[in-house]
Amino acid sequence: MHVEVRGLNKKFGDFQAVRDVEFAIGKGQLIGLLGPSGGGKTSILRMLAGLEKPDSGDILFHGRRVNDLPPQERGIGFVFQNYALFKHMTVADNIAFGLQVKKWPKPKIKERIAELVELTGLAGFEKRFPHQLSGGQRQRVAFARALAPEPQLLLLDEPFAAIDAKIRHELRSWLREMIDRLGITSIFVTHDQDEAIEVADEIMIISKGKVEQKGTPWEIYKNPQTPFVASFIGESTVIEDIASLKGFEAAASWPGTKGLIRPEYIEVGKENEFILLSATEAGRVSHVHFRGSEWLVEVQVGEIKLVTYRSLEKKVLQPGEEVRVLVHRAYLFNDNDNWVMENKLKEDPLPVHI
Amino acid sequence: MTNMLQNRWWSWGFRSAILLYFILLIVFPIIGIYGQSLTNGWAALVDNLTEPIAWKSVLLTAKLALFATIINILIGTMAGWVLIRYRFPGRSLLNSMVDLPFALPTAVVGLMMLLLLGPRSEVGHWADSLGFTILFHEPAIVVAMVFVTFPFVIRAVQPLLEEMDASEEEAAYTLGASRAKTFFRVILPAMVPGIMSGAMLAFSRALAEFGAVVLVAGNIPGRTLVASVYIYGQIESDNPAGAAAVSVLLLTFSFLVLWLVSYVQSRRTGR
Ligand SMILES: Nc1ncnc2c1ncn2[C@@H]1O[C@H](COP(=O)(O)OP(=O)(O)O)[C@@H](O)[C@H]1O
Ligand SMILES: [Mg+2]
């Protein structure tokens with residue numbers, strides 16, 4: 001289903017939970033709504049489902065305005081954050097509910113249950129009650145129940161939030177696969193960026209009721225359009241006085257400009273590890289942490305503290321060791337503008353002689 | 001070590017105290033009644049129970065208590081629903097008034113009923129013109145029973161409704177269920193355990209009601225004489241064995257209901 005939202009606003013009392021939200025989603029896409037909690041993600045989803053009435057704005061499914069349709073008639077499937085399974089019904093009855101309501105003939109219902117139970121890997125659990133299932137199983141029942149009446153749009157509110165980390169990984173790729181296979185347009189909410197990046201075709205970053213940016217995970221990572229997005233996606237350190245770093249002196253010509261540097265923008269090592277030694281800063285290692293697959297190195301450069309990774313293959317650095325630090329690029333922003341600046345010395349190392 | 005010993009002693013002491021209390025207050029009197037009813041042997045017990053006035057009073061009480069319970073199930077469920085789900089001026093006042101029947105002395109309730117349903121009252125007048133009398137007939141007993149057991153179902157249903165998750169209801173809507181269908185298939189089943197236990201308590205209490213009923217029942221043996229009034233009468237006329245016999249029947253009845261409800265509930269939830 002093609003979904004379009006225009007100028008969506010929602011207030012709860014005096015509190016503006018959603019403001020001027022606009023987006024369009026193509027058929028069959030899987031979209032992740034990502035943002036800090038309290039940002040308005042659930043509210044947007046609930047308005048799409050018809051569970052909440054927008055104060056203004058239009059919601060269009062297939063180009064048809066559905067604002068005045070009740071949730072019963074929107075043809076959506078909703079997976080609630082807490083699953084909201086019918087506690088007094090078995091797994092099979094939960095899945096059958098939407099079909100019985102729509103007056104499907106009994107044999108067809110039976111067939112559909114069998115199909116979904118198979119699809120969700122719940123075979124053998126049909127007669128269990130929700131309280132007899134694990135979190136992951138409940139999640140899949142909720143998914144099967146929402147899918148049963150063949151909705152055109154699937155809405156999932158933090159579907160994996162209540163599930164422990166290991167199973168969450170499995171369920172994520174399972175969901176991705178499932179949705180690919182069914183080709184159903186889906187929107188899921190999450191506050192976990194890894195989850196959004198791993199699962200979604202496109203991400204919408206939502207903060208304070210606004211869509212900060214919409215794009216593929218790579219676009220958003222590479223080219224954040226607002227300081228919020230830049231700091232929310234990935235890890236980063238904000239540097240107040242970015243112009244004091246070698247190669248970024250030009251930043252001083254825009255007063256009030258700050259820099260944001262990701263660990264992966266920085267290289268740290270001994271002098272002999274760098275070809276462009278002239279572009280590096282002198283620094284001192286302050287902490288080293290083992291991160292399982294790499295070292296996390298904290299290094300002090302003048303007044304600035306930077307964080308970066310170092311391969312396990314390279315020589316181990318010790319706290320207190322003098323090192324060289326190369327900052328490849330920084331994301332600069334001030335009140336009016338934001339852009340990515342490459343290290344000038346790295347681009348053109350010749351003019352500087354030490 | 002001493003600490004643990006102390007703890008053990010404490011816990012043992014508490015448990016024993018509670019057990020003793022329970023035995024003294026509940027188990028002994030019940031055994032006592034069963035014993036009393038059998039003082040003159042089985043034959044005497046059977047004699048006392050086959051006395052038509054005795055068994056008719058028990059049957060009448062059970063029948064009317066059942067009526068009262070059904071009425072309470074319907075009205076109590078609706079009242080609980082309205083008090084939890086709707087916001088209107090006077091709601092909290094109304095909510096606190098629900099417990100009034102528990103707070104009032106039952107004799108006062110009986111007097112209220114007498115005045116409310118009597119031939120000189122509006123209600124009595126209106127019933128008269130329709131060709132039937134309430135006071136001193138079965139309807140009066142039912143009304144009195146409904147009044148004194150009114151809070152049970154409401155109070156049992158309210159916490160269930162309160163803790164019910166709104167998202168279950170919303171899930172039903174997104175699956176295409178209308179409001180009515182959602183109520184009957186999602187909300188009501190969640191309320192059933194509360195309704196059942198409330199109804200059971202209401203039924204037991206209605207079976208046993210004396211004060212509110214005695215003033216309005218008329219107490220015609222075999223027609224409007226309820227079991228509790230019969231027991232009182234037997235004690236008054238110095239026949240404790242007859243009183244005990246009917247008491248035992250009532251008790252057994254209450255136990256049966258208790259057991260039946262918990263059996264049905266345990267089967268429903270599969271636990
Ligand atoms: N029914 C409601 N009444 C009042 N405030 C609400 C209601 N629903 C959400 N809010 C408020 O709106 C804001 C956005 O909430 P929500 O959409 O749930 O955010 P998210 O899902 O991104 O965490 C929150 O500050 C929340 O407190
Ligand atoms: Mg939320």
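Naming: A, B, ... by sequence-line order, numbering from 1 per chain. From a predicted model like this one, the values you see are computed outputs, not experimental measurements.
- At a heavy-atom separation below 4.5 angstrom, chain B is approached by A:P71, A:Q72, A:I76, A:F78, A:F80, A:N82 within residues 62-83 of chain A.
- Contacts between residues 95-112 of chain A and chain B, counted as heavy-atom pairs separated by less than 4.5 Å, involve A:F97, A:G98, A:Q100, A:V101, A:K102, A:K103.
- Checked for salt-bridge contact, B:K63 and B:E138 meet the test: a charged N lies under 4.0 Å from a carboxylate O.
- Using a 4.5 Å heavy-atom threshold, the side chains of A:E115 and A:L119 count as separate.
- Neither the backbone nor the side chain of B:A166 comes within less than 4.5 Å of any heavy atom of chain A.
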Validation: residues 189-196 of chain B side-chain donor-acceptor distances under 3.5 Å, sequence neighbours left out:
none

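- A:D55 and A:R19 are not joined by a salt bridge, as no carboxylate oxygen comes within less than 4.0 angstrom of a charged side-chain nitrogen.
- Of all residues in residues 23-43 of chain A, none places a non-hydrogen atom less than 4.5 angstrom from a non-hydrogen atom of chain B.
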Inset, instruction - Check step by step if salt bridge (charged side-chain N to carboxylate O under 4.0 Å, His left out) holds for A:E126 and A:R128. - result: CA-CA 6 Å; A:E126 295 91 334; A:R128 296 243 187 136; over 6 Å; no
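- For chain B, the nearby parts of A:R145 are the backbone and the side chain; heavy atoms of each come within less than 4.5 Å.
- Between B:D99 and B:R155, at least one side-chain N (NZ, or NE/NH1/NH2) sits under 4.0 Å from a carboxylate O, which counts as a salt bridge.
- A side-chain N or O of A:D93 and one of A:T90 form a donor-acceptor pair less than 3.5 Å apart.
- Of all heavy-atom pairs spanning B:T69 and B:A199, the tightest one is CG2-O, 3.5 Å.
- Using a 4.0 Å cut-off between charged nitrogen and carboxylate oxygen, A:D180 and A:R176 count as a salt-bridge pair.
- A salt bridge links A:E4 with A:R6: at least one charged nitrogen is closer than 4.0 Å to a carboxylate oxygen.
- In this structure, the side chains of A:F129 and A:F86 stay at 4.5 Å or more apart for every pair of heavy atoms.
- Checking A:T190 against A:D192 by side-chain atom types alone, no donor-acceptor pair falls below 3.5 Å.
- Between the side chain of B:T106 and the main chain of B:V109, no donor-acceptor pair closer than 3.5 Å is present.
- Between B:F147 and B:L104 the shortest side-chain heavy-atom distance falls below 4.5 Å.
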